[in-house]
*Asks:* 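Got a structure here, written out as structure tokens. Questions coming.
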Amino acid sequence: MAQVSFCDFDPMKSEVLLPQMFHILSTNMGKIAPTGNSREEDMKIWLSYMTSEQIKEKQILLMYVGEALAGYFQYSIHENIVLIEEIEIAPEYQRTVLFYHFLKYVGSILPNHIEYAEAYINKHNSNSQRIAQKLGMRIVGENPNGHSFLYRGELSSFLKKLC
């Protein structure tokens with residue numbers, strides 16, 4: 001595998017990056033939780049959200065393998081919790097060392113006061129559920145529409161599994 005690197009999303013490069021990010025998202029989630037919309041409709045809705053005011057409160061990290069965008073991580077921090085909103089990795093980079101390196105990187109940049117990680121994981125996304133469980137996260141609830149479980153885990157035990 002080529003050199004792995006991570007960087008913050010640059011809003012000045014949105015025109016190039018957002019379509020690539022949507023492609024990764026739609027490739028992954030289209031199989032797990034199809035919306036029933038056309039790809040164009042889904043992209044329009046997603047782009048509207050990604051360019052809205054509420055996205056400015058989120059952080060986005062990009063994952064690269066060589067020069068190729070391999071995935072992205074969208075998250076927010078609320079008091080002592082990091083809320084994992086999206087982790088999307090292109091199919092060709094799934095089940096590689098990319099995810100491991102990425103988690104180690106995230107662990108190194110999160111503020112020290114973070115105690116917990118939380119993530120909503122679609123009930124049909126068994127692969128992500130298995131990964132969350134391996135990292136010590138457990139189901140503590142679900143989202144209001146009932147489509148996703150809320151997983152929560154102590155960040156310290158999460159990071160120990162990476163060492």
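Remember, it's a predicted structure, so these values are computed and weren't measured experimentally.
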*Asks:* So, using ring-ring contact (aromatic ring centres under 6.0 Å, His included) as the criterion, who are the partners of F22 when residues are at least two apart?
*Replies:*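 For F22, the residues satisfying ring-ring contact (aromatic ring centres under 6.0 Å, His included) (neighbours in sequence not counted) are W46.
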
*Asks:* Is any side-chain heavy atom of Q133 less than 4.5 Å from a side-chain heavy atom of Y151?
*Replies:*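 They are in contact (side-chain heavy atoms under 4.5 Å apart), so the answer is yes.
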
*Asks:* Does some side-chain heavy atom of V140 sit less than 4.5 Å from a side-chain heavy atom of L150?
*Replies:*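 In contact.
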
*Asks:* Mind checking the CD-OH spacing from E142 to Y120? Nearest 0.5 Å is all I need.
*Replies:*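 The CD atom of E142 sits 9.5 Å away from the OH atom of Y120.
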
*Asks:* More than 12 foreign heavy atoms under 6.0 Å from CG of N145: is that the case here?
*Replies:*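 Counting neighbours around CG of N145, more than 12 heavy atoms of other residues, nucleotides or ligands fall under 6.0 Å, so yes.
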
*Asks:* If you round to the nearest 0.5 Å, how far is OG1 of T27 from CD1 of I89?
*Replies:*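 Rounded to the nearest 0.5 Å, the CD1-OG1 separation comes out at 13.5 Å.
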
*Asks:* Which of these passes side chain to side chain contact (heavy atoms under 4.5 Å, CB included) with K58: M50, E85, E86?
*Replies:*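 Between K58 and the candidates, side chain to side chain contact (heavy atoms under 4.5 Å, CB included) is satisfied uniquely by E85.
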
*Asks:* Which pair of heavy atoms, one from A90 and one from I24, lies closest together, and at what distance?
*Replies:*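 Looking at all heavy atoms of both residues, the closest pair is N-CG2, 3.6 Å.
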
*Asks:* Just to verify, what does F149 make a ring-ring contact (aromatic ring centres under 6.0 Å, His included) with, not counting sequence neighbours?
*Replies:*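 So F149 forms no ring-ring contact (aromatic ring centres under 6.0 Å, His included) with any residue.
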
*Asks:* Stepwise, does the side chain to side chain contact (heavy atoms under 4.5 Å, CB included) test hold for L62 with F6?
*Replies:* CA-CA 5 Å; L62 304 176; F6 312 104; over 6 Å; no

*Asks:* Taking the side chain as every heavy atom from C-beta outward, state whether Y72 and L61 have any pair of such atoms under 4.5 Å apart.
*Replies:*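 Not in contact.
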
*Asks:* With sequence neighbours left out, what residues match Y93 under ring-ring contact (aromatic ring centres under 6.0 Å, His included)?
*Replies:*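 So Y93 forms no ring-ring contact (aromatic ring centres under 6.0 Å, His included) with any residue.
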
*Asks:* Sub-3.5 Å donor-acceptor pair from the side chain of T51 to the main-chain atoms of L47, do we have one?
*Replies:*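 Confirmed, T51 side chain pairs with L47 backbone.
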
*Asks:* Does the side chain of L69 reach to within under 4.5 Å of the side chain of M63, using non-hydrogen atoms?
*Replies:*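 No, their side chains stay 4.5 Å or more apart.
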
*Asks:* Can you measure from CD1 (I114) to CG (N80) and round to the nearest 0.5 angstrom?
*Replies:*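 Reported to 0.5 Å precision, the distance equals 7.0 Å.
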
*Asks:* Which atom names give the shortest non-hydrogen contact between S14 and P19, and what distance separates them?
*Replies:*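 Result for this residue pair: O-CD, 3.7 Å.
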
*Asks:* So do V65 and L98 actually touch side chain to side chain, heavy atoms under 4.5 Å?
*Replies:*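 Touching, per the 4.5 Å side-chain cut-off.
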
*Asks:* Apply side chain to side chain donor-acceptor pair (under 3.5 Å) to H78 and S76, showing your working.
*Replies:* CA-CA 7 Å; H78 303 281; S76 56; 3.0 Å; yes

*Asks:* Treating Ile, Leu, Val, Met, Phe, Trp and Tyr as nodes and any side-chain heavy-atom pair under 4.5 angstrom as an edge, say whether I131 and I87 lie in one connected cluster.
*Replies:*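 Shared cluster, yes.
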
*Asks:* Find the distance between CD (E67) and OG (S5) and round it off to the nearest 0.5 Å.
*Replies:*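 These two atoms lie 8.0 Å from each other.
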
*Asks:* Mind checking the OG-CE spacing from S157 to M137? Nearest 0.5 Å is all I need.
*Replies:*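 Those atoms lie 9.5 Å apart.
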
*Asks:* Transitively linked via ILVMFWY side-chain contacts under 4.5 Å: L83 with L25?
*Replies:*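 In one cluster: no.
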
*Asks:* Are the side chains of S148 and K123 in contact, using a 4.5 Å heavy-atom criterion?
*Replies:*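 Side chain of K123 against side chain of S148, heavy atoms only: no contact under 4.5 Å found.
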
*Asks:* I'd like to know whether V82 forms a side chain to side chain contact (heavy atoms under 4.5 Å, CB included) with Y116, so could you lay out the CA-CA distance, the side-chain angles of the two residues, the decisive distance to 0.1 Å, and finally the verdict.
*Replies:* CA-CA 6 Å; V82 59; Y116 301 99; over 6 Å; no

*Asks:* Checking side-chain polar atoms at under 3.5 Å, does Q129 have a donor or acceptor matched by the opposite partner on N122?
*Replies:*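 Not at all, the side chains of Q129 and N122 share no donor-acceptor pair under 3.5 Å.
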
*Asks:* Would a 4.5 Å heavy-atom cut-off, applied to side chains only, mark Y64 and V4 as touching?
*Replies:*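 Not touching, per the 4.5 Å side-chain cut-off.
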
*Asks:* Please evaluate residues R95 and N127 with respect to the criterion side chain to side chain contact (heavy atoms under 4.5 Å, CB included), reporting the C-alpha separation (whole Å), side-chain torsions for both, the decisive distance (0.1 Å), and the verdict.
*Replies:* CA-CA 10 Å; R95 295 172 179 81; N127 188 48; 3.4 Å; yes

*Asks:* Is there a side chain to side chain contact (heavy atoms under 4.5 Å, CB included) between K44 and N37? Walk through the geometry before answering.
*Replies:* CA-CA 11 Å; K44 184 178 178 181; N37 298 333; over 6 Å; no

*Asks:* State yes or no: do I84 and Y105 share one hydrophobic cluster built from I, L, V, M, F, W and Y residues joined by side-chain heavy-atom distances below 4.5 Å, directly or via other members?
*Replies:*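 Yes; Y105 is reachable from I84 via cluster members.
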
*Asks:* Kindly compute the distance separating CG (L103) from CG (L135), expressed to the nearest 0.5 Å.
*Replies:*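 Separation between the atoms: 6.0 Å.
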
*Asks:* Could you state whether M12 and I55 fall into the same hydrophobic cluster, counting links through intermediate Ile, Leu, Val, Met, Phe, Trp or Tyr residues with side-chain heavy atoms under 4.5 angstrom apart?
*Replies:*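 As far as the 4.5 Å side-chain criterion goes, I55 and M12 are not connected within one cluster.
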
*Asks:* Hydrophobic clustering (ILVMFWY, side-chain heavy atoms < 4.5 Å, transitive) - are V106 and V97 grouped together?
*Replies:*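 Both belong to a single hydrophobic cluster.
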
*Asks:* Would a line drawn from the ring center of F73 to the ring center of Y75 be shorter than 6.0 Å?
*Replies:*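 So the answer is yes for these two rings.
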
*Asks:* Could you tell me whether the side chain of Q94 reaches within less than 4.5 Å of the side chain of N28, counting heavy atoms only?
*Replies:*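 In contact.
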
